[in-house]
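Below, chains carry the letters A, B, ... as their sequence lines are ordered, and counting in each starts from 1.
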Number of protein chains: 2
Amino acid sequence: MSSSPALADLPQIARRTLADTAYDALSDLLASGRLAPGDRLSLRQTAAALGVSVMPVREAVSRLTAEGALDVAPNRALRVPVLTPEAFRALAETRMAVEGLAAARAAERRSPGELAEIRRAEAAFRALAGSARPDGARAVVLNRDLHFAVYAACGLEPLREIIARLWLKAGPVLNLDLRAHPGRLRQGSAMRRHAEAVAAIEARDGPAAAAAIAADIGDAAEFILSRGGLRQAQRP
Amino acid sequence: MSSSPALADLPQIARRTLADTAYDALSDLLASGRLAPGDRLSLRQTAAALGVSVMPVREAVSRLTAEGALDVAPNRALRVPVLTPEAFRALAETRMAVEGLAAARAAERRSPGELAEIRRAEAAFRALAGSARPDGARAVVLNRDLHFAVYAACGLEPLREIIARLWLKAGPVLNLDLRAHPGRLRQGSAMRRHAEAVAAIEARDGPAAAAAIAADIGDAAEFILSRGGLRQAQRP
DNA sequence: CTGCCCGAACTGTGATCACACATCACTAGC
DNA sequence: GCTAGTGATGTGTGATCACAGTTCGGGCAG
């Protein structure tokens with residue numbers, strides 16, 4: 001097949017289905033905490049909001065329920081999962097273990113470029129968290145950027161995907177709280193943990209990086225649990 | 001609403017949709033290696049085979065693709081993912097880390113009942129693997145039973161789910177190989193690793209349990225990689 | 001005024017149809 | 001003889017309809 005070399009320059013046409021787009025839209029809502037635990041959603045309503053039929057939304061929702069990011073009650077009602085304190089604690093412990101693992105590997109094998117990216121993300125978060133009146137929604141994004149800059153450096157793509165799914169489950173709880181109480185950022189706990197993590201990654205100290213990330217997760221989880229930020233999943 | 005207390009004893013009616021059933025059927029095919037990497041499947045054909053319309057199959061497939069257990073090519077072709085050697089190695093490393101983590105926790109906090117269940121599963125596998133002509137398909141099931149008896153004892157349900165998804169991705173490669181070459185069982189490598197793991201769990205030695213499970217995974221992965229058991233994902 | 005019941009509106013689930021696209025066998029043209 | 005175009009067939013994707021089940025509010029009976 002001989003043809004003009006100009007064809008080689010053509011960018012591949014992105015082949016995105018409506019279901020993919022719907023999935024991204026719902027994921028974003030969940031990860032950013034704009035969908036709170038217990039919120040119900042309807043296929044037809046979200047389909048109307050997205051301007052498509054219910055089919056793409058159905059597929060997106062079925063993916064999210066498979067990942068545990070959404071919950072279909074026995075009544076067939078569709079809602080954002082409400083975690084019991086026990087389930088939330090188990091999720092937090094899992095995250096501490098798995099994300100600690102990724103952080104340790106990142107510390108040991110990060111490239112100079114990856115380290116630079118991590119430091120940049122840490123600086124961005126610190127600038128926001130240290131400001132007079134931090135924007136909760138933006139803090140959510142920057143915190144996520146920093147964490148995933150670290151996990152991207154661990155060199156194991158499957159591990160990164162696992163963590164992304166864990167964040168989808170924890171996102172509504174964590175970020176709803178962070179949006180509601182951005183003042184917690186001023187306590188500096190997150191900033192301190194982040195600084196410890198970056199220092200450990202810079203020093204190629206795996207265990208220290210794991211400990212810092214785990215402490216960051218544990219601090220936030222403990223704060224939310226102590227505040228009773230979790231509603232019970234029971235109906236009266 | 002006052003009613004007879006006998007009603008409290010009634011078991012909940014399992015509300016299984018056709019999509020759930022289709023998901024289980026496909027998962028089983030994947031986990032047991034009866035669907036080999038590169039195999040294509042068609043919504044309409046599998047729907048006909050299951051005696052339902054395409055809708056439930058569509059939903060099951062969309063869940064599986066979200067988990068990475070199935071792959072929808074840019075051509076929209078649906079197939080079991082073909083792992084490159086690099087991707088397979090990354091998956092194996094992730095499994096060694098994550099499943100090692102779970103095994104370590106299981107060793108430290110297993111209950112007597114869980115230990116008994118693990119020992120029973122180990123004995124069942126050993127009996128089969130040590131037999132004259134081991135049945136590959138049955139070995140797949142018993143190996144899975146043993147591993148998940150350990151992971152169930154780790155006390156973190158989210159971690160167990162993560163591992164189940166990893167097995168869905170690795171299953172076609174591993175189990176296709178095991179079915180094709182059941183003679184490898186007679187080398188005793190798996191049996192030795194299993195025995196080490198059970199001993200470590202019995203002794204509540206977390207690091208040793210992690211090492212044994214990781215070695216079990218690593219041995220199998222190394223064997224498959226050395227045999228060139230992975231086809232390239234490229235088309236001629 | 002309170003408790004119950006019934007019906008309208010809505011839910012997810014499944015089936016069916018329509019469509020754009022991919023694949024492959026085949027044939028016309030060089 | 002080999003390539004390029006063409007048609008039939010099958011593919012996933014999306015829309016629409018049908019249905020069983022739920023939810024919720026209004027109205028009737030007590």
Side-chain angles (χ1 to χ4, degrees), chain A residues 1-4 7 10 12-26 35 38-82 233-236, chain B residues 1-3 10 12-26 35 38-82 233-236:
Chain A
M1 189 192 299
S2 69
S3 54
S4 164
L7 292 183
L10 285 179
Q12 287 271 347
I13 294 180
R15 199 187 282 261
R16 290 186 60 75
T17 66
L18 294 182
D20 291 334
T21 309
Y23 177 85
D24 289 346
L26 288 178
L35 275 177
D39 279 1
R40 273 194 280 273
L41 43 118
S42 144
L43 293 184
R44 288 172 176 83
Q45 284 178 18
T46 62
L50 291 172
V52 296
S53 91
V54 297
M55 279 301 314
V57 178
R58 265 174 87 168
E59 194 168 320
V61 163
S62 80
R63 292 188 208 171
L64 288 167
T65 58
E67 296 171 358
L70 282 180
D71 199 32
V72 32
N75 335 332
R76 285 179 173 166
L78 206 55
R79 58 172 197 179
V80 181
V82 178
Q234 305 168 356
R235 57 188 63 182
Chain B
M1 191 190 299
S2 69
S3 55
L10 284 179
Q12 287 272 345
I13 295 181
R15 202 186 276 264
R16 291 185 59 74
T17 65
L18 293 183
D20 290 334
T21 310
Y23 177 85
D24 289 346
L26 288 178
L35 275 178
D39 279 1
R40 271 193 280 274
L41 40 118
S42 142
L43 292 184
R44 288 171 177 83
Q45 284 178 18
T46 62
L50 291 171
V52 295
S53 90
V54 298
M55 278 301 313
V57 178
R58 264 174 85 167
E59 195 169 319
V61 164
S62 80
R63 294 188 208 171
L64 288 166
T65 57
E67 296 170 0
L70 281 180
D71 200 32
V72 32
N75 334 331
R76 286 178 173 169
L78 205 56
R79 60 171 197 179
V80 182
V82 178
Q234 303 169 357
R235 57 189 60 183

Inset, instruction - Round to a whole Å and report the spacing from CD of B/Glu59 to P of C/dG12. - result: 12 Å

Inset, instruction - Could you check A/Ala77 against A/Asp20 and say which one's nearest nucleotide on DNA chain D is further toward the 5' end? - result: A/Asp20

Legend entry - Test log, rule side-chain hydrogen bond (donor to acceptor under 3.5 Å, both in side chains), inputs B/Asp24 and B/Thr21: CA-CA 5 Å; B/Asp24 289 346; B/Thr21 310; 5.9 Å; no

Inset, instruction - Check whether any side-chain N or O of A/Gln45 sits under 4.0 Å from OP1 or OP2 of C/dC10, and answer yes or no. - result: no

Legend entry - Shortest non-hydrogen contact from B/Ala19 toward B/Ala60: O-CB, 3.9 Å

Inset, instruction - Just compare C/dA22, D/dA15, C/dG12 and give me whichever is closest to any side-chain atom of A/Val52. - result: D/dA15

Legend entry - Protein-nucleotide distance (B/Leu18, atom CG; C/dT13, atom C1'), rounded to Å: 8 Å

Legend entry - Whole-Å gap separating P (C/dT11) and CZ (A/Arg40): 11 Å

Inset, instruction - State plainly whether the residues A/Arg63 and A/Glu59 are in salt-bridge range, i.e. N to O under 4.0 Å. - result: yes

Legend entry - Spacing between B/Leu43 atom CG and C/dT16 atom P, to the nearest angstrom: 15 Å

Legend entry - Options D/dT11, C/dG12, C/dT11, nucleotide nearest the side-chain atoms of A/Leu78: C/dG12

Inset, instruction - Measure from the side chain of A/Arg58, starting at C-beta and using heavy atoms only, and say which of C/dG14, C/dC21, D/dT11 lies closest. - result: C/dG14

Inset, instruction - Side chain of A/Ser53 only, please: which of C/dG14, D/dT13, D/dA15 is the nearest? - result: D/dA15

Legend entry - B/Arg44 side-chain proximity, nearest of C/dC21, D/dG14, D/dT13: D/dT13

Inset, instruction - Give the nucleotide from the list C/dT13, D/dG14, C/dT11 with an atom nearest to the side chain of A/Thr17. - result: D/dG14

Inset, instruction - Would you mind reporting whether B/Arg58 and A/Arg58 have side-chain heavy atoms less than 4.5 Å apart? - result: no

Inset, instruction - State whether A/Arg15 places a side-chain N or O below 4.0 Å from either non-bridging phosphate oxygen (OP1 or OP2) of C/dA22. - result: yes

Inset, instruction - Could you state the atom-to-atom distance from CE of B/Met55 to C1' of D/dA18 in whole Å? - result: 13 Å

Legend entry - B/Ala47 to B/Ser53 - nearest heavy-atom pair and separation: CB-O, 3.5 Å

